[in-house]
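This report refers to the structure that appears directly beneath it.
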Amino acid sequence: MKTMLAMALLGSMAASPGPSVDDLAWMAGRWESVSRDRWTEEYWSAPRAGAMIGYSRSGQGEAMGEYEFIRLVPGEDGVPAYLASPGGAAPVAFRLIERREGSAVFANPAHDYPQRIVYRRDGDTMVATVSRTDGSNATSWTYRRAE
């Protein structure tokens, strides 16, 4: 009897699905950070067909300084990956390494900088932080929901 129960528990654990892009739906929306005439905005679509599409742009006044195209898609192993294309460059993949309610950590230790990207959401506030793998050289943006 104990063996059957143990096998049933192991079977249910093995059948539990891993993380998916749908688990990151809390990132969806239009997010904005404004300080005087400097601004940064980030937009994420809702998950659909296993992907979320986003962009980020920043500038000063009416002049855009930087932009980035972003995708959240299943990686080769099925685990979500954050693909960043700054300035339209070739995408760089960051694999999801940690996920909790309202937070996600993506990493690519082989990349020069950043090596880690962290998103944390609390209500209508979302903080995005880029850093080295150990958390050093961190830069953060605090966004408010714009829509």
Asn108 side chain to Ala93 backbone, donor-acceptor under 3.5 Å:
yes
Measure the shortest side-chain to side-chain distance between Leu24 and Pro80 over non-hydrogen atoms and say whether it is less than 4.5 angstrom.
yes
Nearest atoms (heavy-atom pairs only) where Ala128 meets Tyr143:
CB-CE1, 3.9 Å
Would you name the heavy atoms of Trp26 and Met126 that are closest together and state the gap between them?
CZ3-SD, 4.0 Å
Provide the closest heavy-atom pair for Gly135 versus Ala138 in the form atom of the first, atom of the second, distance.
O-CB, 3.7 Å
For residues Tyr119 and Trp44, determine if any side-chain heavy atom of one lies less than 4.5 Å from a side-chain heavy atom of the other.
yes
Check whether Ser45 reaches the backbone of Ile53 with its side chain - one donor and one acceptor, N or O, closer than 3.5 Å.
yes
Which atom of Pro91 lies closest to which atom of Arg71, heavy atoms considered:
CG-NH2, 3.6 Å
Is the shortest distance from a Lys or Arg side-chain nitrogen in Arg116 or Asp134 to a carboxylate oxygen in the other one below 4.0 Å?
no
Mind telling me whether Phe94 and Tyr82 have parallel, tilted or perpendicular rings, with 30° and 60° as the class edges?
perpendicular
Count the heavy atoms belonging to other residues, nucleotides or ligands that lie under 6.0 Å from CG of Asp122, then report whether that count exceeds 12.
no
Point-to-point distance, once rounded to the nearest 0.5 Å, from CG of Asp23 to CZ of Arg100:
14.5 Å
Indicate yes or no: at least one non-hydrogen side-chain atom of Glu41 is less than 4.5 angstrom from one of Tyr55.
yes
Find out whether Thr40 and Ser56 are in side-chain contact, i.e. whether some heavy atom of one side chain is under 4.5 Å from a heavy atom of the other.
yes
Short question: side chain of Arg121, backbone of Gly123 - any donor-acceptor pair under 3.5 Å?
yes
With no hydrogens and no angle check, just 3.5 Å: does a side-chain donor-acceptor pair link Gln115 and Arg132?
no
Looking at Trp31, is Arg145 sitting on its ring face, NZ or CZ under 6.0 Å from the six-membered ring centre and within 45 degrees of the normal?
yes
Nearest heavy-atom pair of Ser136 and Ser131: which atoms, and what distance?
O-CB, 3.4 Å
Would Tyr43 and Glu32 count as having a side-chain donor-acceptor pair, cut-off 3.5 Å?
no
Looking only at non-hydrogen atoms, find the nearest pair between Tyr113 and Val130 and report the distance.
OH-O, 3.5 Å
Please examine the side chains of Thr142 and Thr125, heavy atoms only from C-beta on, and report whether any two atoms are closer than 4.5 Å.
yes
Under a 3.5 Å distance rule, please check whether Tyr67 uses its side chain to pair with a backbone N or O of Gly87 as donor and acceptor.
yes
For the residue pair Val92 and Leu83, establish whether any side-chain heavy-atom pair is separated by less than 4.5 Å.
no
Ion pair check, Arg57 and Glu66, cut-off under 4.0 Å
no
Nearest 0.5 Å please: distance from the CD1 atom of Ile117 over to the CD1 atom of Ile97.
11.0 Å
Which is it for Met27 and Leu72 under the side-chain contact (heavy atoms from CB on, under 4.5 Å) test, yes or no, and what are the steps along the way?
CA-CA 11 Å; Met27 293 172 62; Leu72 290 172; 4.1 Å; yes
